[in-house]
2 protein chains.
Amino acid sequence: MKKSTIKDISILAQVNPSTVSRALNNHPDISNDLKNKIKKIAEDLNYVPNKLAANFRSNSTKTIALIIPEFTMFFFPSVIKGINKVVTKMNYQLMVFHSNDESDIESNHIKACIDNRVSGIIISLSSTSKDLNHIDKAIRFGIPVIFFDKAPSMNGYNTVKINDINAAYKAIKFLKEAQITRIAGIFGHPNISITKDRITGFHKAVLEYKMEAIGICHPTSWQNIYDLTTDYLKQGVEGIFCMSDEILSAVTPAVAKYKEKNATNVKIICISDGQLPYFYNEEVNFIHHDGEWVGIRAAEMLFERLQDENSRSTKMHIIETPLKTNQQSS
Amino acid sequence: MKKSTIKDISILAQVNPSTVSRALNNHPDISNDLKNKIKKIAEDLNYVPNKLAANFRSNSTKTIALIIPEFTMFFFPSVIKGINKVVTKMNYQLMVFHSNDESDIESNHIKACIDNRVSGIIISLSSTSKDLNHIDKAIRFGIPVIFFDKAPSMNGYNTVKINDINAAYKAIKFLKEAQITRIAGIFGHPNISITKDRITGFHKAVLEYKMEAIGICHPTSWQNIYDLTTDYLKQGVEGIFCMSDEILSAVTPAVAKYKEKNATNVKIICISDGQLPYFYNEEVNFIHHDGEWVGIRAAEMLFERLQDENSRSTKMHIIETPLKTNQQSS
DNA sequence: CTGTTAGCGCCTTCAC
DNA sequence: GTGAAGGCGCTAACAG
């Protein structure tokens, strides 16, 4: 199908191309009659404005890039949903990249973002990212960057996250208040910042409340989590802290299974997006790490940055993490 | 930061801009000395090729659009993952839109895709889409469109899907072979094609195997599914068919709960992406509807279309759906 | 109110 | 091998 241009319309309408452009863009200078006439012709020609040309001219794309380390069913779908809400409302488009948790791929994506002149970048770092050179490059290029979840440990970057130390601390505090002392903690990859912080909070609470941490571990697979959980249960653990939904997905069935044969009233507490806990009959208490809300706030922060470009200050936004449980009040 | 252009480089290198362009693109006509000199200058200037200009000139974007009806933790994350694998390998970029299951939004997204000259579209229709005018428009514009999962019922469109009728049929056949006769089926929204087809397959098997379908339903919420399941269990159902992971997520806990108090060896069979069943101790048998593979095949089909543009034929690719179970063989 | 002109950055002819 | 020139489609600035 031959794509018609403003020029084609201008010839048929016997006016100048710029007049057509103005009419199509509802410029107030153009008379309504002419506007209607031109729009009619455009319609007849199946005219579709060439946004590539417009983007080129304006040197902007109204596109937001999201870079995440992985596509799992946990957390990130909620984040994408949140970001999408804001981005759509602002009439921008969302481009999703995933780094497969490899810093090289992440760098390439950032490079592609710069090449494509994306308006802004929202990113959760891969666990293998050592430096932030690629990020700094984008920022120097004038592209605002917002971090969420896995963020740089130093200041000077726009960030939306929860207080990971505090979240873990609150989780353990909950166990304490349930009169529990023998606990175990199950964590994710030891390299990433959120794991470190959650461990810190865990230890802090354990010390402060004089609890007995019978073990902390970094399992490598679902089965591994399941087995480790069973071990802890055999050791008479009374409370298990899961740092994520991914871990919870293996801990809960292990607990349920153990309960079939053994008497235990072990309590599970988790940092969770708030969906998975409701998939179980087991009582799962969780610190709500609301992915959708994180996404919304990150996107909003990005658009704030887009608004006043010259602002060189950076912000750190901390998301609240209320304590919840999946047990119905009824 | 001032963005440097080919022209800037050409001035410093004392050559013509076109020479710079050629050197940067490794054109064989340019001597190696000059190439190196020019590349060095480009490097020094932090030159970043303006892809907007390049896109504009080539009138293409190397971007694939994905349009899905919703962002849930079920199925779609796997599909995105699969698509992304192929798209990344081909050096394209992925743009994700979601329609919130509203046909108007879907149309707008398609329009945006046309405006932005995306190279291709992969889409799962919203349940409210009545006609395909918006799709046809994109196709007429020369943009290849691949459907997956929720696809048009008529021929003439490129589609990657499972045989929904057959998948449901196989599920019920499995129950039959387990000597079960009293069954129930729990389905999603009655409007969408995959629900209709799965119901068809369900009924076909029930008739053929002379089973007793004590009920089929279209619940509206997690709790609703849970309660309905409990009802069926009380009525002495022996097998429950869940048409999706979303439904499974409520059925399984209901079954587990019921088993605590009542003797039953009800069998669960599901059409599943293959992740959720492993989150339970209950035996969950499933017809594997592999989202990642669907995504890969859809993307591959799209690139085939991109290869030979003049091909006006359309393809229907049926994904295999093997029977599996979450119970370890050990 | 509408026309004229010019240029965004790149690449591809066509010359030499 | 390299230079010169032109144009992709759109829009803003400047005229009238």
Side-chain angles (χ1 to χ4, degrees), chain A residues 1-42 45-63 112 114-119 141-142, chain B residues 1-42 45-63 112 114-119 141-142:
Chain A
M1 180 170 130
K2 170 74 179 66
K3 286 148 196 172
S4 45
T5 70
I6 282 189
K7 203 176 161 197
D8 300 330
I9 300 174
S10 73
I11 293 170
L12 282 183
Q14 315 230 53
V15 293
N16 193 279
S18 58
T19 306
V20 175
S21 171
R22 282 185 278 237
L24 260 20
N25 289 314
N26 274 318
H27 192 104
D29 277 359
I30 307 289
S31 69
N32 277 329
D33 280 359
L34 225 198
K35 268 185 199 167
N36 290 332
K37 179 183 168 193
I38 288 175
K39 284 180 180 175
K40 172 86 175 54
I41 296 176
L45 287 181
N46 279 313
Y47 170 73
V48 175
N50 186 336
K51 224 172 187 173
L52 299 193
N55 284 345
F56 168 52
R57 195 170 193 288
S58 65
N59 199 33
S60 83
T61 53
K62 303 244 275 179
T63 298
I114 298 175
D115 286 355
N116 283 293
R117 306 289 198 273
V118 300
S119 306
F141 208 83
Chain B
M1 177 171 133
K2 170 76 177 64
K3 286 148 196 172
S4 45
T5 69
I6 282 189
K7 201 175 161 194
D8 299 330
I9 300 173
S10 73
I11 294 171
L12 283 183
Q14 315 229 54
V15 293
N16 192 280
S18 56
T19 306
V20 176
S21 171
R22 281 186 277 239
L24 259 21
N25 289 314
N26 274 318
H27 193 103
D29 276 359
I30 307 288
S31 68
N32 277 330
D33 280 359
L34 226 198
K35 269 185 197 166
N36 290 333
K37 179 183 168 194
I38 288 176
K39 283 181 181 175
K40 171 87 175 56
I41 296 176
L45 285 181
N46 279 314
Y47 170 73
V48 176
N50 186 335
K51 223 172 189 174
L52 299 194
N55 283 346
F56 167 52
R57 197 171 188 287
S58 66
N59 199 34
S60 83
T61 53
K62 302 246 273 179
T63 297
I114 298 175
D115 286 355
N116 283 291
R117 305 290 196 274
V118 301
S119 306
F141 208 81

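Throughout, protein chains are lettered first and strands after them, A, B, ... in sequence-line order, and every chain is numbered starting at 1.
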Taken to the nearest whole Å, CG/B/Asn16 to P/D/dA5 is 9 Å
Scanning both residues in full, the closest heavy-atom pair of B/Leu52 with A/Ser60 reads CD1-N, 3.7 Å
task: Quick one: label B/Asn59 by what it contacts on the DNA or RNA (base, sugar-phosphate, nothing), any heavy atom closer than 4.0 Å.
output: nothing
Problem - Short side-chain N/O contact to D/dC10 OP1/OP2 from A/Tyr47, under 4.0 Å - result: yes
Whole-Å distance, A/Lys51 NZ to D/dT11 P, equals 11 Å
Rounded to whole Å, the CG-P distance (A/Asn25 to D/dA13) equals 14 Å
Find out whether A/Asn116 and A/Thr63 are in side-chain contact, i.e. whether some heavy atom of one side chain is under 4.5 Å from a heavy atom of the other. no
When the rotation axes relating C1' atoms of four end pairs to the next four are compared across the helix from C/dC1-D/dG16 to C/dC16-D/dG1, five pairs an end, they differ to 10° by 40°
The reported gap from CD1 in B/Ile6 to CG in B/Leu45 (rounded to nearest 0.5 angstrom) is 12.0 Å
Self-check item: Pair A/Lys39, A/Asn26: side-chain N/O donor-acceptor within cut-off below 3.5 Å
Solution: yes
Note: for B/Thr19 and B/Arg57 on DNA chain D, the residue whose nearest nucleotide lies more 5' is B/Thr19
The residue, B/Phe56 or B/Ser18, whose nearest nucleotide of DNA chain C is more 5′ is B/Phe56
Nearest-nucleotide check on DNA chain C, B/Arg22 vs B/Pro49; residue mapping nearer the 5' end is B/Pro49
In short, B/Val20 meets B/Ile9 closest at the heavy-atom pair CG1-CG2, 3.8 Å
Return yes if a side-chain donor-acceptor contact under 3.5 Å exists between B/Ser18 and B/Asn16, otherwise no. yes
Rounded to the nearest 0.5 angstrom, the CG-CD1 distance for A/Asn46 and B/Ile114 is 9.5 Å
Rounded to whole Å, the CG-C1' distance (B/Leu52 to D/dG9) equals 14 Å
Tightest non-hydrogen contact, residues A/Ala23 and A/Ile38, listed as CB-CD1, 3.6 Å
Tightest non-hydrogen contact, residues B/Leu24 and B/Ala42, listed as CD1-CB, 4.3 Å
DNA chain C: first to last nucleotide in contact with chain A (atom under 4.0 angstrom from a heavy atom), 5' to 3', is C/dC1 to C/dG9
Regarding the side chain of A/Asn50, the nearest nucleotide among D/dG9, D/dA4, D/dC14 is D/dG9
- prompt: Okay, side chain of A/Lys35, backbone of A/His27: is any donor-acceptor separation there less than 3.5 Å?
  reply: yes
Ordered by number, residues from residues 26-41 of chain B within less than 4.0 Å of DNA chain C (heavy atoms) are none
Pairwise side-chain contact, B/Ile41 with B/Tyr47, heavy-atom cut-off 4.5 Å (strictly under) = no
Taken to the nearest whole Å, CD1/A/Ile6 to P/D/dA12 is 11 Å
